[in-house]
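Since the structure comes first, as structure tokens, the remarks are kept for the end.
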Amino acid sequence: MNSQPGGFYHHYLPSDDDRELISNIDLVHARTFLTEESSNISIQLEDYQKQIAIIYQQYRNKLVQQQGDGCLAKKVTDSYIQFLTNAAIPKTGRLVLNDRRIPLAIFASTMSRENSQSKRNFFEGCRAGIASLSMLQQIIDTDNSFSNISFVNLWFASSAHKDLLPLHISTAGSVFECLRPLTMVTYGYEATAVSYSNFHGRHSLNESEYGSVIGEPVLVNYNASFNYEAEHGDCEPSDKLWTVMIPHFDMGNSNYGSIHPQLFRLAFLCWLRSLLLVDCCISLLQRNNTDPRPGSRAFGQLLIEELHKRELKIDVSQKLKEARTFVQEWRHSVAKGRLAKTILRETSQPENGLFSDAGKVGGKLGYKAHCERYGYTDENTDHRKLQLRILLRYNDAILRKTRSFNIDKDRFKRWFMKLPSKTNIYQALIRLIQAEHHSPVGNLEPAQVQYLKVQCKRPEGFDDDTWMLDPDLVSEALRKRASIMWTAGTTPAKREANKRNLVTRLNNEGKKAVEYFTQVPINILANGRAHIRVKLDGEEKSEPDGMWIAGSGANVKGKHILDYDPNICTTALIIKDLQGSPVKLQNKYLLITDQWLLSNSRDKYFRTFINTVQLFGQELRPLIKEESERSVAFSGERMIQLFMEEYCSENELIVSTGQTPQNNIPTFQSLMDECLQMKGTNFEKEIWNHWMTMPTGYAKIKKMFNKFQKCPPSNKNKKTWIIPQLERKRPISETTFSTHDSTRPTRPTVTNLPSTTSKRGGATITNDDPFLEWWREFHNNVNGDVVTLNFSNTEDGFWGEFATIEKRRGIMDESVKQYLAVRDVKKPQSLNALVRRYGWTVTKIKNGIFTWKAPVNQPPNQAMRKRSKRITN
């Protein structure tokens, strides 16, 4: 059952008290069934083998239909089907008693395929089987190998494909319909949950309940074909397919580390009770009574009653309860390892100390699975009644948590029928439990609630924290969080490994591109910047000036860690020292805010920041999200243009740079506040307010003004500015954000220009091919077309048409980079010289704006010559 190599089995010897208990139990019928031949019963095993083999062949065919590549189906070979069939049908004479039924079957979750290759049965191959064999031999005092017990597996192909669970359940149910077991032993959580759910999903048993039902008999039905939704009235699954099931925990998990003896005692007592149940079953069959009929609900109820009567003379039930309680408490103790605690769970828990108590965490069934199962209330009364009937048939775990369902089903029915239409049934059940119990289902502590709010993502469909009341949803959120942390390398184990490798990683800082800002080693330079490369869309990208860490530089420089820590701040990256502790200056954290990332590196660092935020299950601020969805990147130049067109379109303006007006001269800040309130975006308002808090805020703003025209001091008074009249007006549409979806991609600025930048600070074009490709694409005629080259408007004219060539070749194309470099540095000399050589007429309109007139001839088929930079000796 546990196919992982390694491990070993701890031999267990019962205590003297338990040995005495065995000696007082009469198991003659069970011993005979397990050890002696029953040759007086004539059975045609070939019929069973043929029926079961057909079931597995049909399973293989359905695998091919559901998985087009048939990769998984190829593993279900004919020899493997024969092995599964033989495992389900033991030796002749030990299989069927009365009415073609078997007294006992084992139903497990997983089994190693190595057993089929070695042709070993359950008790000879997997460690769970070997451990069980040892205990069975001690209980009935024999060395028999017990190859006569029927074994059926839930995941006989691969448990990794959870979407195939319904197919595996129906296949296992069909095998059991052929075998007709009267008692059943389940191994592992999943097989137990499927059985509890009457082979209709696995919702009827929460993982948190699993530990409390170990060893307790329960009546289940394995009629997987019964349609819970189509059947009307009080119809129930077939009355021939009932069995009494006793859950066991998976012994395959108890092969590693220091295992407590009480674990084996619990397994030992579970087998003792299971054999006692088999003995009662065979005793009832030998009475030759057909009433109640074997396999009926009544027969199963009678069998449980017979078991309890036999147990009145001994204290098996009490001893089993004590062992189960001890194991549950042992699991919850903080001192024990995580692996040991998984013994009564399906899988290990996330590495989080707040939730180390596994009993407080639910199963793997998430919100989507629950909602798909229950749906929404229907406004039609007849349909609502059908929904109620289906709900009652499921008998799921969440229903048993409601007092009204357990105590007064009529009251529960009235509550359900009164729910408003289109109500999420699952959420309504959670809120009903809260109202009836007056306390959260999960019984979470304040620290746990805070962790779930900050670190985990709220399930889809919930607009409040009600989801925390359900252990299933808490468990789902924790598992998703654990997966995120593992992916990002931020689990405790990975963080320790990162620390051990920190020297190597720091030596390589900036050389390896990162996908997330989690524990990134950086070197902060004296100018307060750190160079970081990021990986986006399969490409490595960086900013030439790196990332600016405000407040660092002379104060904080050298080797540090760049990290995202939602416990400290969800809207910024944080600087930490090499020990992982946040760095503070004047009692403030060193943060790289979402605002800076968006306004300075929208296409690189900010996109990586978004990926990091989503990785941690967090969300962007609404203001940041709104700005990031605009088609044009933020530019401070637009804010200045708005100001000048509002106040300087007709004449110059004198403003005060102080906090208060001087001699009736208004303050620049008040005018800009007023302008942005009328015309600015929310992000521009936030940026402006941030600049006003910076010591160098006015210097930054004046630098922007100088891009339009100089703003000299007024009479050498540095506290006032003279802002000249706006000379070069540009339509706001050139820099304003578009309100419609553009068909052209947003073109990022090309910053890596070592091969195209000239010594004079401009850019040089050495490849004519992109220009000729543009000419043939848009002006392949003899009409003398006129084209505008405008470095202030890259959406129209030549640059607008060239975007097609850019998109076709890609911005990483070396020749395209040259043209984009010319565009970004706004130096037209090289480009104008190129077009003149091909006969175009270039006319300057004003600075940065030219017109090109095409010659009256077709574009050439190839470039005149391939030009390269002149190399001097």
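Basis for what follows: all heavy atoms, side chains included, without hydrogens, waters or symmetry-related copies. Since this is a predicted model, take the numbers as computed values, not measurements.
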Partners of Asn783 by side-chain contact (heavy atoms from CB on, under 4.5 Å), sequence neighbours excluded? Asn781, Asp785
salt_bridge(Lys576, Asp565) N-O dist < 4.0 Å: yes
With distance as the sole test, does Thr851 use its side chain to make a donor-acceptor pair with the main-chain N or O of Thr788 at under 3.5 Å? no
Below 4.0 angstrom, N of the basic side chain to O of the carboxylate: do Asp768 and Arg837 qualify? yes
Before we go on, tell me: are the rings of Tyr838 and Phe771 under 6.0 Å apart, centre to centre? yes
Can you name the residues that form a ring pair (Phe, Tyr, Trp, His ring centres under 6.0 Å) with Phe850, not counting sequence neighbours? none
With sequence neighbours left out, write down each residue that passes salt bridge (Lys or Arg N to Asp or Glu O under 4.0 Å) with Glu515, or none if nothing qualifies. none
Between the side chains of Lys604 and Glu539, is the shortest nitrogen-to-carboxylate-oxygen separation below 4.0 Å, so that they form an ion pair? no
Derivation of the side-chain contact (heavy atoms from CB on, under 4.5 Å) call for Lys588 and Leu591: CA-CA 9 Å; Lys588 293 183 178 179; Leu591 301 176; over 6 Å; no
Could you check whether any side-chain N or O of His560 sits under 3.5 Å from a backbone N or O of Gly558, counting only pairs where one atom can act as donor and the other as acceptor? yes
Whether Glu619 and Lys625 form a salt bridge (side-chain N of Lys/Arg under 4.0 Å from carboxylate O of Asp/Glu) is what I want to check. no
Judged by atom type as modelled, is there a donor-acceptor pair below 3.5 Å linking the side chain of Asp563 to the main-chain atoms of Gln519? yes
For Tyr605, what residues pass the ring pair (Phe, Tyr, Trp, His ring centres under 6.0 Å) criterion, not counting sequence neighbours? none
By side chain to side chain donor-acceptor pair (under 3.5 Å), Trp596 pairs with (sequence neighbours left out) none
Side chain to side chain donor-acceptor pair (under 3.5 Å) partners for Gln595, two or more places apart: Glu686
Check whether Arg809 reaches the backbone of Ser815 with its side chain - one donor and one acceptor, N or O, closer than 3.5 Å. no
Relative to Tyr589, does Lys584 satisfy both conditions: NZ or CZ under 6.0 angstrom from the six-membered ring centre, and within 45 degrees of the ring's axis? yes
Considering non-hydrogen atoms only, spot the tightest contact between Val534 and Ala513 and give its length. C-CB, 3.8 Å
So, Arg607 and Asp537, do they make that salt bridge, N to O below 4.0 Å? yes
